[in-house]
> 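My structure is below; once you've seen it, I'll send some questions.
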Amino acid sequence: MAKLKCMDYGFECDFVAEGEIEKVIEDFRNHTDEEHGIDYSKEAIMQFLLRKSGL
């Protein structure tokens, strides 16, 4: 299970994406694009997840 929080990436926002990796990537991308105006690539979000996992 994967989890990303906006607060962990410098946003003053309580949004949390949690679940299967593909769903977390999609949910986090949609949220950051719609709410913060930032269009992260799937690869960038995968890097967030890998760094958070310590890989």
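In this text, all values refer to a predicted model and were calculated from it rather than measured experimentally.
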> What's the spacing between Lys52 NZ and Lys5 NZ if we round to 0.5 Å?
6.0 Å

> On a heavy-atom basis, which atom in Cys13 and which in Met7 lie closest, and how many Å separate them?
O-CG, 3.1 Å

> Measure the spacing between CZ of Phe15 and CD of Glu35 and express it to the nearest 0.5 Å.
9.0 Å

> In terms of hydrophobic clustering (I, L, V, M, F, W, Y; side-chain heavy atoms under 4.5 Å; direct or indirect links), are Phe28 and Val16 co-clustered?
no

> From Ile25 CD1 over to Glu43 CD, what is the distance, rounded to the nearest 0.5 angstrom?
8.5 Å

> Would one find more than 12 heavy atoms of other residues, nucleotides or ligands at under 6.0 Å from atom CD1 of Ile38?
yes

> Which pairs, with at least one residue in residues 13-28 and sequence neighbours excluded, count as a salt bridge (charged side-chain N to carboxylate O under 4.0 Å, His left out)?
Lys23-Asp27

> Where do Val24 and Gly19 come nearest, in terms of heavy atoms and distance?
CG2-N, 3.4 Å

> Kindly compute the distance separating CG (Leu50) from CD1 (Ile21), expressed to the nearest 0.5 Å.
8.0 Å

> Go through the steps for Cys6 and His36 under the test side-chain contact (heavy atoms from CB on, under 4.5 Å), then give the verdict.
CA-CA 10 Å; Cys6 272; His36 304 295; 3.6 Å; yes

> Measure the OH-CZ distance between Tyr40 and Phe48 for me, rounded to the nearest 0.5 Å.
4.5 Å

> Working to the nearest 0.5 angstrom, can you tell me the gap between Ile45 CD1 and Thr32 OG1?
5.5 Å

> Under a single-linkage definition using a 4.5 Å side-chain heavy-atom cutoff for Ile, Leu, Val, Met, Phe, Trp and Tyr, are Tyr9 and Met46 assigned to the same hydrophobic cluster?
yes

